[in-house]
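The structure appears below as structure tokens.
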Amino acid sequence: MNPINDLLNIIGGFIAGIINSIFSFSPFLADAITMGLAAIILCTFAALSFMGLTYAERKVVARIQDRVGPNQAGPLGLLQPIADGIKMFTKEDTTPAAADRWVYNLAPLVIAVFALTTYAVLPFAPGVVGTNLNIGVFYVLAIGSGSIVAIIMAGWGSNNKYALLGAFRTVAQLVGYEVPMLLNVLPVVMLAGSMGLIDIIDHQTLANGNAGIPFLLFFPLSAVVFLISGIAETARSPFDLLEAESEIVAGFHVEYSGMKFALFFLGEYVNALAVAFVFSTLFLGGFAGPILPPYIWLLLKAGAVFTIFMWLRGTLPRVRIDQMHNLNWKFFVPLSIVHLILVIILLKVFVTSPAQQAATGGILVDAWVQAAIMFVASALTLIAGLGLAARRARISRLAEEDVLARRRAENMATAGAA
Amino acid sequence: MIVTAALLMGVTLIAASLLRPKKPSKAKLETYECGMETVGDTWVQFRVQYYVLALVFVVFDIEAVLLFPIAVAFNALPWLAVINLILFILILLIALLYAWRKGALDWE
């Protein structure tokens, strides 16, 4: 299809051929080694992108805050991640005497492993994917929630009050934002009729007689809610309550230093990048795009999503814990459920294929018309939800102000009497 | 993938443990609490709110697990199944509203 992709496939085939001929006595061993090699490449990619991302994020956030950012190590500070790495490697690493040693030392390993394992199913180009699982979306969401285990391990194992508080907050937050995320992947799965990430991308291209419309145009509400829940899931600012420095020092990783701290950091960034990749796969069409090679398209899309993450981090203050829970349980979840019901009905009423019309009835429309109808419905739901929430917030704010005013008047009266 | 990731990260940890200095002292090994001495046990009772939220989460997570297979087969569903599906989701919506009314979702 395009030269770079072919070249990669040829190299991959060549290496696989060598391995197969060397280990010809045991096909199982050959398979295992091939998969191991692929896994090493994926892990290296993730770890390298982590180094790049820390640099990019520091530069971008610095620019937003009118600073220069790292500029000492190497040209433009480009060697900063390497300097950080050397520092992390040679730092002394303490295990508090009161800590639960096993749990404490295993936690950073667990979080890094769960973060890296997500990359096994992400499709980078046609044919370039760790394993094309037919339950890809499900796998990503399930593995993504594995970091919760690591965080509670770290918080509990440290035997530190700040760490435990941070871990509790995290679990409540991550567990909560899982729900809107799941509910907003459902419309995409319904439309694509598959949970495999490759199938979902195919549905957004011109292949197999599809119209080539990114799912963002079908479900803008799902995209917005998924993006915000994704930020909360990876516990990035403005949802970084678990490491609120002004309240609980650094949350669950208070006691960690050196390489173990670095692994927590790696887990966070690699997870955030995975969310960016999954978002571009589900809603922006993944590697599909004209002219440019698929890798470039995927990196461009994921990079754009990650830029939004950095932008939000640089501009928004941290939310309060009750605001965070209210946003999730009283806004995102009900809104997503209503949206889901709407999507179910509309997808059954307006169908695109004659075979489907013959099977279950409905009105036969063009894919673009279907997209337009879905877009209008989804956007209207979002606007209506925002309007309702704004009204509720206004009412509660007015009530609060009322109470305050009455209290002030009472104080004045007692002061006057005295 | 899991094995490789674990191996790679394990090697990093071990390499770091060979490289770094190791000079533990009593003050260093104390639990960090901004310089104060720790009072009492860390592993104490926690807010019941976390438990309630976790329960609500379990309900919705299982719901999602049940909905995913239906979503995959969505294009072939007859209308009766679709109505059942909507009823199922509506019951969950009502459950959410009930939890909301009961104050399970409030955080003070």
Side-chain angles (χ1 to χ4, degrees), chain A residues 36 39-40 42-43 88-98 109 112-113 116-117 120 130 138 159-162 164 168 171-172 175-176 178-179 182-183 186 189-190 193-195 249 254-255 258-260 263 321-322 325-326 329-330 333-334 337 340-341 344-345 347-348 356 359-361, chain B residues 1-6 8-10 12-13 15-17 19-24 26 28-34 38 42-43 46-47 49-50 53-54 56-57 60-61 63-65 67-68 71-79 82 85-86 89-90 92-93 96-97 99-100 105-108:
Chain A
I40 287 175
L42 279 175
C43 288
M88 287 297 184
F89 250 105
T90 52
K91 271 249 160 173
E92 183 178 353
D93 171 81
T94 55
T95 306
L109 196 62
V113 168
L116 291 177
T117 324
F138 212 61
N159 197 355
N160 179 311
K161 293 189 185 71
Y162 291 124
L164 194 62
F168 279 147
V171 173
V175 141
E178 198 109 305
V179 177
L182 288 167
L183 288 176
L186 278 168
V189 175
M190 277 178 196
S194 165
M195 284 193 271
V249 197
V254 153
E255 297 281 8
M259 207 58 216
K260 287 179 199 148
L263 284 193
I321 190 161
D322 61 325
H325 282 296
N326 283 350
W329 290 108
K330 298 185 180 174
V333 175
I337 293 180
L340 188 61
I341 294 174
I344 289 173
I345 295 171
L347 278 186
K348 270 293 160 194
Q356 203 185 329
T360 57
Chain B
M1 189 74 198
I2 292 177
V3 177
T4 319
L8 274 182
M9 293 300 126
T12 335
L13 275 182
S17 77
L19 275 173
R20 66 179 175 233
K22 192 163 168 51
K23 297 193 201 82
K26 193 170 170 296
K28 247 186 223 169
L29 294 183
E30 265 176 14
T31 302
Y32 175 77
E33 218 161 89
C34 306
T38 314
T42 309
W43 298 325
F46 52 91
R47 290 177 69 131
Q49 209 93 67
Y50 291 111
L53 278 186
V56 181
F57 160 73
F60 278 93
D61 214 31
E63 170 224 0
V65 170
L67 282 179
F68 265 99
V72 171
F74 183 72
N75 283 341
L77 285 188
W79 269 103
V82 173
L85 180 59
I86 292 173
I89 300 172
L90 272 180
L92 277 152
L93 186 61
L96 180 73
L97 293 180
W100 191 340
L105 308 179
D106 291 326
W107 192 278
E108 287 123 35

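These numbers were taken from a predicted model, which means no experiment stands behind them. Scope of the values below: all heavy atoms of this structure, side chains included, with no hydrogens, waters or symmetry mates. By convention in this document, chain letters (A, B, ...) are assigned in the order of the sequence lines, proteins followed by strands, and residues within each chain are numbered from 1.
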* Side chain, backbone, both or neither: which part of L186(A) has a heavy atom under 4.5 Å from chain B? -> both

* Stepwise side chain to side chain contact (heavy atoms under 4.5 Å, CB included) test for F138(A) and F68(B) -> CA-CA 8 Å; F138(A) 212 61; F68(B) 265 99; 3.4 Å; yes

* **Close side-chain approach of L96(B) and V333(A), heavy atoms under 4.5 Å** => yes

* To do: Take V175(A) and L53(B), measure what side chain to side chain contact (heavy atoms under 4.5 Å, CB included) needs, and give me the verdict at the end.
  => CA-CA 9 Å; V175(A) 141; L53(B) 278 186; over 6 Å; no

* Answer whether the closest heavy-atom distance between the side chains of L90(B) and I341(A) falls below 4.5 Å. => yes

* To do: For side chain to side chain contact (heavy atoms under 4.5 Å, CB included), just list the numbers for F74(B) and V189(A), CA-CA rounded to whole Å, side-chain angles, deciding distance to a tenth of an Å, and then say yes or no.
  => CA-CA 9 Å; F74(B) 183 72; V189(A) 175; over 6 Å; no

* Asked: So, the side chain of K348(A) versus the backbone of P78(B): is there a donor-acceptor pair under 3.5 Å, distance only?
  -> no

* Asked: How about I337(A) and F60(B): do any of their side-chain heavy atoms sit closer than 4.5 Å?
  -> yes

* Is it the side chain or the backbone of L97(B) that comes within 4.5 Å of chain A heavy atoms, both, or neither? -> neither

* **Flag side-chain contact, heavy atom, 4.5 Å: M190(A) against V72(B)** => no

* **From CA spacing to verdict: side chain to side chain contact (heavy atoms under 4.5 Å, CB included), L67(B), L182(A)** => CA-CA 10 Å; L67(B) 282 179; L182(A) 288 167; over 6 Å; no

